[in-house]
Student: 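One structure, as structure tokens, below. Some questions next.
The structure presented is a predicted model; accordingly, all values stated were derived computationally and were not measured. Note: hydrogens, waters and symmetry copies are ignored here, and every other heavy atom, side chains too, is used.
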Amino acid sequence: EAVTIAEGATLFEQGTMGDLIYVVTDGEFEIVRELAGGGEELLKTAKRGDYLGEIGPLFHLPRSATVRALCNAKAIGYTVQAFRERLGAGGIRDLIERRPVQLE
């Protein structure tokens, strides 16, 4: 599922459930964690080729961060099964261990 997100718009929010893992195809997204005392912490800026939102769908957990477009940006959303197929053998292990992965 290809999505186009306008600058400043949210791809998904912390605490929500999701079933897609996204790969950035154009632009940049900020990944932020909302802090208990208010405010937020920048975790990463995701760029072309980066994946995001994988932990929730893989382990059936709520999203651990909010993702917003820093500019007009595009991403492709994959189901867990489609993402696993694209990662190939051993790819999920690398993903969990936060090693760089190459989507085929």
Student: Holding to side chain to side chain donor-acceptor pair (under 3.5 Å), I want the full list of residues that pass it with Glu34, two or more places apart in sequence or in another chain.
Tutor: Thr66
Student: If you look at every heavy atom in Gly53 and Pro57, which pair is closest and at what distance?
Tutor: O-CD, 2.9 Å
Student: Is there a continuous path of hydrophobic side-chain contacts, each under 4.5 Å between heavy atoms, that joins Leu58 to Ile76?
Tutor: yes
Student: Can you name the residues that form a side-chain contact (heavy atoms from CB on, under 4.5 Å) with Leu61, not counting sequence neighbours?
Tutor: Ile55, Phe59
Student: Ala69: what forms a side-chain contact (heavy atoms from CB on, under 4.5 Å) with it, not counting sequence neighbours?
Tutor: Ile5, Phe29, Ala73
Student: Holding to side chain to side chain donor-acceptor pair (under 3.5 Å), I want the full list of residues that pass it with Glu1, two or more places apart in sequence or in another chain.
Tutor: none
Student: Applying salt bridge (Lys or Arg N to Asp or Glu O under 4.0 Å), which residue pairs with at least one partner in residues 64-80 are found, sequence neighbours left out?
Tutor: Glu30-Arg68, Glu40-Arg68
Student: Give the other cluster members for Val32, using side-chain heavy-atom distances under 4.5 Å between Ile, Leu, Val, Met, Phe, Trp and Tyr residues; answer none if it is isolated.
Tutor: Leu42
Student: Without swapping roles, check the side chain of Arg63 against the backbone of Gly56 for a donor-acceptor pair under 3.5 Å.
Tutor: no
Student: Which residue pairs pass the side-chain hydrogen bond (donor to acceptor under 3.5 Å, both in side chains) test when at least one of the two sits in residues 3-27, sequence neighbours left out?
Tutor: none
Student: Look at the side-chain heavy atoms of Ile, Leu, Val, Met, Phe, Trp and Tyr, link any pair under 4.5 Å apart, and say whether Val23 and Ile21 land in one connected group.
Tutor: yes
Student: Who else is in Leu35's hydrophobic cluster (ILVMFWY, side-chain heavy atoms under 4.5 Å, direct or via others)?
Tutor: none
Student: Going hydrophobic residue to hydrophobic residue with side-chain gaps under 4.5 angstrom, can you get from Leu43 over to Val67?
Tutor: yes
Student: What pair of heavy atoms forms the shortest contact from Gly15 to Pro62, and how long is it?
Tutor: O-CB, 3.6 Å
Student: Would a 4.5 Å heavy-atom cut-off, applied to side chains only, mark Tyr51 and Phe83 as touching?
Tutor: yes
Student: With side chain to side chain contact (heavy atoms under 4.5 Å, CB included) as the test, pick out the partner of Thr45 among Asp50, Leu70, Ile31.
Tutor: Leu70
Student: Are Leu20 and Val24 joined in one hydrophobic group, where the rule is that I, L, V, M, F, W and Y side chains link up if heavy atoms are under 4.5 Å apart?
Tutor: yes
